[in-house]
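Here the structure comes first, spelled out in structure tokens, and everything after it is commentary.
Quick note on labels: first sequence line is chain A, next is B, and so on, each numbered from 1.
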Protein chains: 2
Amino acid sequence: MSIDVLHTEVMSTATDPRAAIVGGSEPVETAPCCVPSGSAPMDAARAVSLSRQFKAIADPNRLRLVSLVSASPGSEACVCDLTEPLDLGQPTVSHHLKILVDAGILRREKRGVWAYYSLVPGALDALADVLTTRTGTGR
Amino acid sequence: MSIDVLHTEVMSTATDPRAAIVGGSEPVETAPCCVPSGSAPMDAARAVSLSRQFKAIADPNRLRLVSLVSASPGSEACVCDLTEPLDLGQPTVSHHLKILVDAGILRREKRGVWAYYSLVPGALDALADVLTTRTGTGR
DNA sequence: ACTTTACATCGATGAGCATCGATGTCCTGC
DNA sequence: GCAGGACATCGATGCTCATCGATGTAAAGT
């Protein structure tokens, strides 16, 4: 891949103090330490996709919803079980649950009158993996 | 672990179909269905605190910022290196970096004219840990 | 058929946020 | 001291989002 992703400007203008700090004599082209091979740190499209999932859990009430669901017997809960501990109205809880479902974090299963929500297996683990393997390219 | 986290519903009203499922017969007046006795799976204050950190990375540009910083030589980068790959103005990048610093994800170190940003060790791992250990109460 | 219960959807509203241009501050070189 | 570069802060603007009340839908009981 091209050097541009490293955005290592090799600078020529002497007005750049970093030339002195880095000792800019070498044509530093390849990744000095950590970058995998060459691919961009994180694709813009992938960043948008990931941000949609992170946005879904980046809300106090939705974090508690996920926690409540996973802590429920059988790892599933219906809306009526969730409105009270969150102290929110039923439409608001339904709204948050829909966001979590759309983000692929929760799963909805209707049984009779109730709608049971459960975790999508591996969804949160995939997100956690993004945070631990920080290269962004590595899948 | 106490049963409360299971919020075992004991139900009494016969109008509730789940009474048949669970087979409840005892007269419980409070907590109509499920609410745990006392402790919630995730504390509200902790949810707010965590959501602040998740909000910080729940943005496409900030995700790429973190990725760019970690992929930079020495795992640090200055603002001038970050404006170009993100295609954003310098004030906007500074704004996003401040949010990441305030959230405890990035660290700022001023050297001469440049401000170098680097990852706070363990910050992202702590967030990832929240997603993998899903109980919420258990630390 | 009517009522009740559980849940989703629909506007509306108010707060928060991302982005930008302009400006201020600090440092470096002349 | 003066000019220029790097970065932060400020104020404004447009957009997204969280929350709510009202309403719609579907299922179960009477």
Side-chain angles (χ1 to χ4, degrees), chain A residues 7 9 11-21 44 47-48 51-52 54-65 69 76-84 86-103 106-117, chain B residues 9 11-21 32-34 44 47-48 51-52 54-65 76-84 86-103 106 108-117:
Chain A
H7 50 68
E9 39 223 61
M11 319 302 306
S12 56
T13 62
T15 63
D16 195 331
R18 275 183 306 180
I21 298 176
V48 171
S51 73
R52 280 192 58 237
F54 279 117
K55 269 183 210 286
I57 59 170
D59 180 276
N61 291 320
R62 289 198 287 268
L63 271 176
R64 300 186 70 191
L65 277 176
V69 167
E76 63 177 14
C78 63
V79 181
C80 65
D81 293 338
L82 300 170
T83 54
E84 188 168 333
L86 262 65
D87 199 45
L88 287 179
Q90 173 266 320
T92 304
V93 173
S94 262
H95 165 71
H96 286 308
L97 287 171
K98 177 176 169 53
I99 290 179
L100 288 168
V101 169
D102 289 345
L106 290 187
R107 204 173 33 178
R108 197 180 96 106
E109 184 192 355
K110 190 120 186 204
R111 287 206 297 270
V113 192
W114 285 272
Y116 285 88
Y117 288 87
Chain B
E9 44 226 60
M11 320 304 313
S12 59
T13 62
T15 64
D16 195 331
R18 277 183 303 182
I21 299 175
C33 61
C34 48
V48 171
S51 72
R52 281 191 58 238
F54 278 117
K55 269 183 209 285
I57 59 171
D59 179 275
N61 290 320
R62 289 198 287 268
L63 271 176
R64 299 186 70 192
L65 277 176
E76 63 177 14
C78 64
V79 181
C80 64
D81 293 338
L82 301 170
T83 53
E84 188 169 333
L86 262 66
D87 200 45
L88 286 179
Q90 174 265 321
T92 304
V93 173
S94 261
H95 166 71
H96 285 308
L97 287 171
K98 177 176 169 53
I99 290 179
L100 288 169
V101 168
D102 290 346
L106 290 188
R108 198 179 95 107
E109 184 192 355
K110 189 122 188 200
R111 287 206 298 269
V113 191
W114 284 272
Y116 285 88
Y117 288 87

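Remark: P60(B) pairs with A47(A), V48(A), S51(A) by the side-chain contact (heavy atoms from CB on, under 4.5 Å) rule, at least two apart or across chains. Under the side-chain contact (heavy atoms from CB on, under 4.5 Å) criterion, L97(B) pairs with L65(B), V79(B), L82(B), V93(B), L106(B), Y117(B), not counting sequence neighbours. With sequence neighbours excluded, no residue forms a salt bridge (charged side-chain N to carboxylate O under 4.0 Å, His left out) with R108(B). Shown here are the side-chain contact (heavy atoms from CB on, under 4.5 Å) partners of D59(A), two or more places apart in sequence or in another chain: N61(A), R62(A), H96(A). Under the salt bridge (charged side-chain N to carboxylate O under 4.0 Å, His left out) criterion, K98(B) pairs with D102(B), not counting sequence neighbours.
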Quick tally for nucleotides 15-25 of chain D: nucleotides whose base has a protein heavy atom under 4.0 Å get B, sugar-phosphate-only ones S, the rest -, giving ---SBBBB---

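Distance L100(B) CG to dC7(D) C1': 16 Å, rounded to the nearest Å. To the nearest angstrom, C1' of dC27(C) lies 15 Å from CZ of R111(B). In this structure, the CH2 atom of W114(A) is 11 Å from the C1' atom of dG29(D), given to the nearest Å. Computed from coordinates, the R108(A) CZ to dA26(D) P distance equals 12 Å when rounded to whole Å. For the pair D102(B) CG and dT9(D) C1', the computed distance is 13 Å after rounding to whole Å. Here the P atom of nucleotide dA6(D) and the CD atom of E84(B) are 12 Å apart, to the nearest Å.
Residue V113(A) places its side chain closer to dA27(D) than to any other of dC7(C), dC7(D), dA27(D).
Of the residues near DNA chain D, K110(A) and Y117(B), the one whose nearest nucleotide (by heavy atom distance) lies more toward the 5' end is Y117(B).
Note that CZ of R107(A) is 9.0 Å distant from CD of E76(A), once rounded to the nearest 0.5 Å.
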